[in-house]
Student: 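My questions all concern the structure below.
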Amino acid sequence: MEFDQITRRAVQIFTQEGLLERLNSGKTLKIKLGADPSRPDLHLGHSVVLRALRVFQDMGHEVIFIVGDYTAMIGDPSGKNKTRPSLSFEETRKAGKTYFDQATKILSKEKTRIEYNSQWLSKLSFEEILKLTSKYTVARILERDDFKNRFENQQPICMHELLYPLMQGYDSVAIEADVEIGGTDQTFNLLVGRELQKEYGQRPQEVITFPLLIGLDGVEKMSKSLDNYIGLNDSPEILFEKSMKIPDPLLFDYYRLTTDIPLDSVRETINSDIRKAHIEYGKEIVKMYHGESAIDAATRRYFKVAQGDVPDNIPIRVVKANEIPIIEALKAIGAVTSNSEARRMIEGRGIKVNREVVQDYNLKLDVSNECVIQVGKSKFFKVKNS
RNA sequence: GGGGAGAUUCCCGAGUGGUCAAAGGGGGCAGACUGUAAAUCUGUUGGCUUUCGCCUUCGAAGGUUCAAAUCCUUCUCUCCCCA
């Protein structure tokens with residue numbers, strides 16, 4: 001990806017002139033990336049920002065990866081708001097590492113430095129914190145969308161939550177960031193960084209925001225907790241299968257934001273054969289995250305299932321008996337969590353054994369020979385006696 | 001500090017003594033249709049049980065009652081208004 005592609009994809013740049021000036025200065029710039037250790041699972045949505053960062057690295061700049069361990073350790077004491085579970089010191093380090101491992105599928109390891117924000121945030125005195133808070137007004141903090149929504153919906157907002165933007169902004173001060181990149185949902189936080197740097201006598205960082213990738217549900221932004229994500233750690237098969245499930249109207253955005261494929265040809269394929277466009281997208285993503293060699297296996301599974309065949313390499317579950325009730329088998333393979341659920345699945349005709357729909361939930365499975373259980377459209381398991 | 005409103009099953013939301021495992025909607029899951037898409041239609045959506053039925057659940061803990069999501073007491077939390 002070339003640099004002009006960054007600017008083309010960006011939603012907003014504050015400020016364009018400042019950014020150009022720094023890039024032309026010949027200095028190695030410090031590009032800030034904030035990581036939330038309470039959510040260390042990265043997905044394609046994160047890749048949008050990471051890919052932009054990669055471009056900066058390729059130009060010789062340094063990415064400073066800031067793990068928000070301080071906020072994560074404090075968590076949210078108000079019992080009702082479970083969005084920010086508090087983590088122990090060890091957990092934050094572990095999450096930071098997990099995050100880093102995934103992010104470096106896209107970023108260069110050599111040009112990425114990790115910092116933990118407890119290093120500086122834990123040292124602030126109350127006086128300094130007051131100084132920080134005095135730079136901002138409540139009205140301005142409440143401008144931020146998620147606060148505004150919670151406020152309007154009469155949801156609780158705790159005092160310390162109002163400080164999060166300031167803490168993040170202070171991170172920029174602490175590392176003297178030159179540039180910070182994030183999704184449009186972070187716009188406010190990123191701009192707070194600029195304000196605070198100014199207060200501390202630093203040149204305010206340049207801020208670039210990128211569009212948020214909408215998840216597979218076609219409505220919400222991609223996130224692990226909504227289970228509408230395509231994970232950077234997903235297997236090639238899953239990656240490909242999920243690619244096929246991207247809502248049609250969003251496919252172009254996925255191409256645009258997560259691949260380097262020229263958009264003119266994308267447009268053409270989408271208009272002429274949307275299914276083919278999905279397939280090509282899936283292949284590209286598999287290639288990007290698992291290499292060219294993984295494409296074959298990933299697509300083979302998909303097409304086999306689509307034809308009504310049983311795919312290769314399905315997980316095997318060994319049981320001790322020669323005969324096992326179907327309900328027990330479904331629990332054993334983790335397809336269901338209770339007998340009632342198993343019964344519902346069977347009554348809904350969602351379970352097949354050796355390609356046959358199971359009609360009777362008292363069915364006893366003969367597993368002296370291997371048998372294949374299919375749950376829904378694409379989940380397969382083999383069960384056999386040891 | 002004073003006054004008012006409220007907390008229901010994944011979410012929103014009805015329910016004010018038995019017919020309530022709890023309407024309706026959303027979301028989820030499964031099926032039909034299809035391109036393993038969308039839209040649409042159907043079923044399902046606490047657990048155990050073949051049926052009967054039993055158990056757990058309506059912020060928490062006690063209490064009244066043959067019987068409570070529903071009544072009483074205390075507590076916790078949230079929101080609004082006034083100061």
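Each chain gets a letter, A, B and so on, in the order its sequence line appears, and its residues count up from 1. The structure presented is a predicted model; accordingly, all values stated were derived computationally and were not measured.
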Student: Strictly by Watson-Crick or wobble contacts shorter than 3.5 Å, is anything paired with B:rG17, and which nucleotide is it?
Tutor: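 By the stated definition (distances under 3.5 Å), nothing pairs with B:rG17.
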Student: Any ring pair (Phe, Tyr, Trp, His ring centres under 6.0 Å) involving residues 171-228 of chain A? Give me the pairs, sequence neighbours left out, ordered by first then second residue.
Tutor: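 Non-adjacent pairs meeting ring pair (Phe, Tyr, Trp, His ring centres under 6.0 Å): A:Tyr170-A:Tyr200.
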Student: Rounded to the Å, how far apart are A:Gln359 CD and B:rG31 P?
Tutor: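 Rounded to the whole Å, the gap is 14 Å.
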Student: Measuring only the P atom in each nucleotide, how far is B:rA67 from B:rG18? A whole number of Å is fine.
Tutor: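 Each nucleotide's P atom is 14 Å from the other's.
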Student: Restricting to side chain to side chain contact (heavy atoms under 4.5 Å, CB included), what partner residues turn up for A:Ala329, sequence neighbours left out?
Tutor: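 Here the qualifying residues are A:Ile324, A:Leu365, A:Ile373.
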Student: Between B:rU70 and B:rU19, how many Å separate the two C1' atoms, rounded to a whole number?
Tutor: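 Going atom to atom, C1' in each nucleotide, I get 15 Å.
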Student: Calculate the interatomic distance between A:Asn228 atom CG and B:rG28 atom C1'; express it in whole Å.
Tutor: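 After rounding, the reported distance stands at 13 Å.
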Student: Going 5' to 3' through nucleotides 33-46 of chain B, assign each nucleotide B (protein heavy atom under 4.0 Å from a base atom), S (under 4.0 Å only from sugar-phosphate atoms) or - (no protein heavy atom that close).
Tutor: -BBBB------SS-
Student: If the condition is salt bridge (Lys or Arg N to Asp or Glu O under 4.0 Å), which residues does A:Lys283 pass it with, not counting sequence neighbours?
Tutor: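 For A:Lys283 there are no salt bridge (Lys or Arg N to Asp or Glu O under 4.0 Å) partners, ignoring immediate neighbours.
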Student: Need to verify one output field. Residue with the more 5' nearest nucleotide on RNA chain B, A:Gly350 or A:Tyr361?
Tutor: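 That would be A:Gly350.
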Student: Do you know which of A:Lys198, A:Glu180, A:Arg22, A:Lys32 makes side-chain hydrogen bond (donor to acceptor under 3.5 Å, both in side chains) with A:Gln205?
Tutor: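 The single option meeting the side-chain hydrogen bond (donor to acceptor under 3.5 Å, both in side chains) with A:Gln205 is A:Glu180.
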Student: For B:rU74 and B:rC81, measure between their P atoms and round to the nearest Å.
Tutor: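 Result for the P pair: 27 Å, nearest Å.
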Student: To the nearest angstrom, how far is A:Lys352 atom NZ from B:rA30 atom C1'?
Tutor: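 Going from A:Lys352 (NZ) to B:rA30 (C1'), I get 11 Å.
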Student: Let me check something: any side-chain donor-acceptor pairs from residues 270-277 of chain A under 3.5 Å, sequence neighbours excluded? List them with distances.
Tutor:
from, atom 1, to, atom 2, distance (Å)
A:Asn271, ND2, A:Arg267, O, 3.2
A:Ser272, OG, A:Glu268, O, 3.1
A:Ser272, OG, A:Thr269, O, 3.3
A:Asp273, OD1, A:Arg275, N, 3.2
A:Asp273, OD1, A:Lys276, N, 3.2

Student: Under 4.0 Å between a side-chain nitrogen and a carboxylate oxygen: does that hold for A:Glu347 and A:Arg349?
Tutor: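 Not counted as a salt bridge, because no side-chain N and carboxylate O are separated by less than 4.0 Å.
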Student: Between A:Lys331 and A:Arg349, which residue's closest nucleotide on RNA chain B lies nearer the 5′ terminus?
Tutor: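 The answer here is A:Arg349.
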Student: What protein N or O atoms touch nucleotides 80-83 of chain B N or O atoms at under 3.5 angstrom, if any, and at what distances?
Tutor:
none

Student: Between B:rA61 and B:rA68, how far is it from one P atom to the other, in whole Å?
Tutor: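 To the nearest whole Å, 15 Å.
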Student: Only pairs with both distances under 3.5 Å count, Watson-Crick or wobble alike; so what is the partner of B:rC71 in this structure?
Tutor: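 Matched B:rC71 with B:rG63 under the 3.5 Å cut-off.
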Student: Side-chain N or O of A:Asn339 less than 4.0 angstrom from OP1 or OP2 on B:rU49?
Tutor: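 Answer is yes, contact under 4.0 Å.
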Student: Considering residues at least two apart in sequence or located in another chain, which fulfil the side chain to side chain donor-acceptor pair (under 3.5 Å) criterion with A:Asn313?
Tutor: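 Not a single residue meets the side chain to side chain donor-acceptor pair (under 3.5 Å) criterion with A:Asn313.
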Student: Which nucleotide, in any strand shown, forms a Watson-Crick or G-U wobble pair with B:rU78, with both distances under 3.5 Å?
Tutor: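 Looking at the geometry, B:rU78 pairs with B:rA5.
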Student: Do the side chains of A:Glu176 and A:Gln202 get nearer than 4.5 Å, heavy atoms only?
Tutor: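 Yes, at least one pair of side-chain atoms sits under 4.5 Å.
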Student: If you measure from the C1' atom in B:rG28 to the same atom in B:rC12, how many Å do you get, rounded?
Tutor: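 The same atom, C1', in both gives a distance of 15 Å.
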Student: Can you name the one residue among A:Leu213, A:Leu212, A:Thr184 that meets side-chain contact (heavy atoms from CB on, under 4.5 Å) with A:Lys221?
Tutor: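 Considering A:Leu213, A:Leu212, A:Thr184, a side-chain contact (heavy atoms from CB on, under 4.5 Å) with A:Lys221 is found only for A:Leu212.
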Student: Between B:rG53 and B:rG35, how far is it from one C1' atom to the other, in whole Å?
Tutor: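 Per the computed distance, 47 Å lies between those C1' atoms.
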Student: Write down the distance separating the C1' atoms in B:rA60 and B:rU51, rounded off to the nearest Å.
Tutor: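 To the nearest whole Å, 38 Å.
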Student: Starting at CG of A:Leu363 and ending at P of B:rU50, how long is that distance when rounded to a whole Å?
Tutor: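 A:Leu363 atom CG is separated from B:rU50 atom P by 15 Å.
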Student: According to the Watson-Crick and G-U wobble definitions, with both distances under 3.5 Å, which nucleotide is paired to B:rC41?
Tutor: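 Pairing partner, where one exists within any strand: B:rG31.
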Student: Quickly work out the A:Glu328 CD to B:rC48 P distance and round it to whole Å.
Tutor: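 Going from A:Glu328 (CD) to B:rC48 (P), I get 10 Å.
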Student: Rounded to whole angstroms, how far apart are NZ on A:Lys364 and C1' on B:rU50?
Tutor: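 Whole-Å distance recorded here is 12 Å.
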Student: If the C1' atom of B:rG47 is compared with that of B:rU9, how far apart are they to the nearest Å?
Tutor: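 Going atom to atom, C1' in each nucleotide, I get 13 Å.
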Student: Applying ring pair (Phe, Tyr, Trp, His ring centres under 6.0 Å) as the test, list every pair that has at least one member in residues 10-33 of chain A; sequence neighbours left out.
Tutor: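 Found none.
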Student: Please enumerate all residues that pass side chain to side chain donor-acceptor pair (under 3.5 Å) together with A:Asp296, with sequence neighbours excluded.
Tutor: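 By the side chain to side chain donor-acceptor pair (under 3.5 Å) rule, A:Asp296 matches A:Arg300.
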